[in-house]
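What you see is a predicted model; the values in this text were computed from it and never measured. Keep in mind that the numbers below use all heavy atoms, side chains included, and drop hydrogens, waters and symmetry copies.
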Amino acid sequence: MTKFAIAIALTATIAGASSALANSYFTLDANQDSGSTLDLGIVVSEVPGTVEIYDFRLGVQGKLLGTEDVHAGANRDTRVDLGSEPFGDVIAVLKSDSGQILATTDVDIRDN
């Protein structure tokens, strides 16, 4: 195999991996009222996985606050029980069942 053919094959592999990740995303309102449940709206995942919500009040991923399983495709009305109101902003992380991060979004929590 020539160097050119190897480069083409490698580029195709990388492009395929990026497109899979591009098909996983959140559609939530990035500003949420404080509460013990986080409403993520529709979560689209390329593969079955889990949404994990972490403390993000200092701009750094902190303690795990809650999780919710999702299936491949569009998951409507996705809500994650946090147990109690978060102390500040949070970050939502969508992971595949194998642990690969598919999408992230930070959520600004408004004080009531």
Side-chain angles (χ1 to χ4, degrees):
M1 188 178 260
T2 68
K3 289 182 183 180
F4 180 73
I6 293 171
I8 296 285
L10 182 58
T11 302
T13 302
I14 292 169
S18 338
S19 66
L21 298 179
N23 292 324
S24 298
Y25 55 90
F26 296 95
T27 64
L28 76 148
D29 179 358
N31 295 299
Q32 301 255 334
D33 291 329
S34 64
S36 61
T37 302
L38 186 63
D39 183 4
L40 298 176
I42 299 171
V43 175
V44 178
S45 182
E46 184 71 19
V47 295
T50 304
V51 174
E52 299 176 346
I53 307 300
Y54 292 90
D55 178 56
F56 199 63
R57 62 189 150 160
L58 301 175
V60 176
Q61 184 173 316
K63 178 183 173 187
L64 178 65
L65 303 175
T67 64
E68 184 67 30
D69 290 336
V70 295
H71 57 79
N75 296 267
R76 300 193 182 284
D77 300 320
T78 306
R79 292 183 176 89
V80 181
D81 181 16
L82 305 178
S84 61
E85 289 185 23
F87 293 112
D89 296 342
V90 298
I91 188 167
V93 179
L94 174 60
K95 290 184 177 178
S96 69
D97 284 344
S98 65
Q100 179 182 19
I101 295 176
L102 303 173
T104 64
T105 189
D106 31 323
V107 182
D108 297 323
I109 303 295
R110 296 183 291 243
D111 293 328
N112 289 334

Are [X] and [Y] packed together at the side-chain level, in the sense that at least one heavy-atom pair is separated by less than 4.5 angstrom?
X	Y	value
L38	I109	yes
F26	V51	yes
D89	D106	no
V47	L102	yes

Here the gap from R79 atom CZ to T37 atom OG1, rounded to the nearest 0.5 Å, amounts to 8.0 Å
Should F87 and F56 be counted in the same cluster of Ile, Leu, Val, Met, Phe, Trp and Tyr side chains packed under 4.5 Å apart? no
If only atom types and distance count, is the side chain of N75 paired as donor or acceptor with the main-chain N or O of V43 below 3.5 Å? yes
Does the T78 side chain pair with the main chain of L40, one donor and one acceptor, at a distance under 3.5 Å? no
Which heavy-atom pair separates S34 from E85 by the least distance, and what is that distance? OG-OE1, 3.4 Å
If I compare all heavy atoms of V80 with all of G66, which pair ends up nearest, and what's the gap? CG1-C, 3.6 Å
Under the side chain to side chain contact (heavy atoms under 4.5 Å, CB included) criterion, do T104 and Q61 qualify, and how do the steps go? CA-CA 11 Å; T104 64; Q61 184 173 316; over 6 Å; no
Partner set under side chain to side chain donor-acceptor pair (under 3.5 Å) for E52, not counting sequence neighbours: Y54, K95
